[in-house]
Amino acid sequence: RHGLSRQLFAEVNGLLTEQGLLLREGTTVDATLIAAPPSTKNREGKRDPAMTQTRKGNQWYFGMKAHIGVDDQSGLVHTLVGTTAKDSDMSQFAGLLHGEEERVSADRGYDYPQVHGHLQQHLVEDWVARKSKPNQSLDAWTRGLNHAIARIRAIGEHPFRILKRQFGYTKVRYRGLHKNTAQLYTLFALGNLFQVRRALLASGA
């Protein structure tokens, strides 16, 4: 009700910024699906109405989606948005930027004219990977660009690995989008601290 987890996330990131660990030169954006129980064995006899189904590749998923904006040098999460699973990655793109970036990187799921137009309008370097067009293969220059982008944006996947492997968070804990997003704020705040734990110990912070 009081948004305490969001405040905690902001407080942690404020500390990391003061320590010079969270920079603001570049952002890589990404999203991941988090499963929700599909069972209807509950009081209402229904699946969580805040969760939806979406397909990724040939597989269907039921749950929510965590969208993050990540500092592309430190790998620390600076922005988080929680949505239902069927919301596209691209739909949250602008909201994941803090507005001071010199460059933005993303995978091919963000290759849309409105994304490139947003970056061009704000004079931000466009490092969004390109998709191949129907019945057309990518040319050598675009393949090289995508390869370079993949190396940059790989750091944006690291927070998800911490979330799911170190913390074991692969399924939502609650019903409803609001509570689960609140928990994600706490988990990503802890994930940021986990990434820089050695630097913080060395500094005595």
Side-chain angles (χ1 to χ4, degrees), residues 9-10 12-14 16-17 19-34 54 56-57 61 64-83 85 87-133 136-166 169 181 184-185 187-189 191-196 199:
F9 179 78
V12 166
N13 282 353
L16 299 181
T17 300
Q19 294 290 319
L21 299 170
L22 178 56
L23 308 175
R24 302 179 72 84
E25 293 180 8
T27 290
T28 184
V29 301
D30 207 349
T32 192
L33 291 161
I34 302 172
T54 190
K56 184 176 182 180
Y61 296 86
M64 69 174 294
K65 189 176 284 187
H67 309 256
I68 57 173
V70 181
D71 175 64
D72 69 4
Q73 295 182 69
S74 65
L76 301 175
V77 178
H78 61 69
T79 308
L80 163 68
V81 178
T83 70
D87 284 8
S88 69
D89 295 358
M90 185 273 295
S91 68
Q92 303 303 316
F93 176 79
L96 298 175
L97 308 181
H98 53 64
E100 299 178 17
E101 294 93 349
E102 297 176 4
R103 61 187 174 272
V104 172
S105 57
D107 65 25
R108 290 176 291 183
Y110 297 85
D111 182 21
Y112 288 90
Q114 51 268 54
V115 168
H116 298 296
H118 177 93
L119 297 177
Q120 184 177 16
Q121 179 183 353
H122 292 84
L123 303 178
V124 178
E125 290 182 23
D126 185 345
W127 288 83
V128 177
R130 270 57 168 180
K131 294 181 286 192
S132 59
K133 296 180 180 179
Q136 272 188 298
S137 58
L138 296 174
D139 58 44
W141 184 88
T142 306
R143 288 198 303 271
L145 173 67
N146 284 355
H147 181 71
I149 291 170
R151 296 180 63 184
I152 295 172
R153 53 166 291 277
I155 196 168
E157 298 176 351
H158 191 56
F160 290 141
R161 187 181 69 80
I162 293 173
L163 180 76
K164 295 182 177 182
R165 295 190 180 180
Q166 261 69 33
Y169 187 81
T181 300
L184 283 172
Y185 272 109
L187 290 170
F188 279 115
N192 281 352
L193 291 173
F194 179 83
Q195 288 198 69
V196 297

Would you confirm whether [X], through its side chain, and [Y], through its main-chain N or O, come within 3.5 Å as a donor-acceptor pair?
{"X": "E101", "Y": "G99", "value": "yes"}
{"X": "N146", "Y": "R130", "value": "yes"}
{"X": "Q73", "Y": "E25", "value": "no"}

For a 4.5 angstrom cut-off between non-hydrogen side-chain atoms, does [X] reach [Y]?
{"X": "F93", "Y": "V104", "answer": "yes"}
{"X": "L184", "Y": "Y169", "answer": "yes"}
{"X": "K164", "Y": "T32", "answer": "yes"}
{"X": "L22", "Y": "S74", "answer": "yes"}
{"X": "F188", "Y": "V12", "answer": "no"}
{"X": "R24", "Y": "H78", "answer": "no"}
{"X": "H118", "Y": "L97", "answer": "yes"}

Q) Does a side-chain N-to-carboxylate-O contact under 4.0 Å join D87 and K65? A) no

**Q.** side chain to side chain contact (heavy atoms under 4.5 Å, CB included) evaluation trace for Y61 with I34
**A.** CA-CA 8 Å; Y61 296 86; I34 302 172; over 6 Å; no

Q) Are T79 and H98 close enough that a side-chain donor and a side-chain acceptor fall under 3.5 Å? A) no

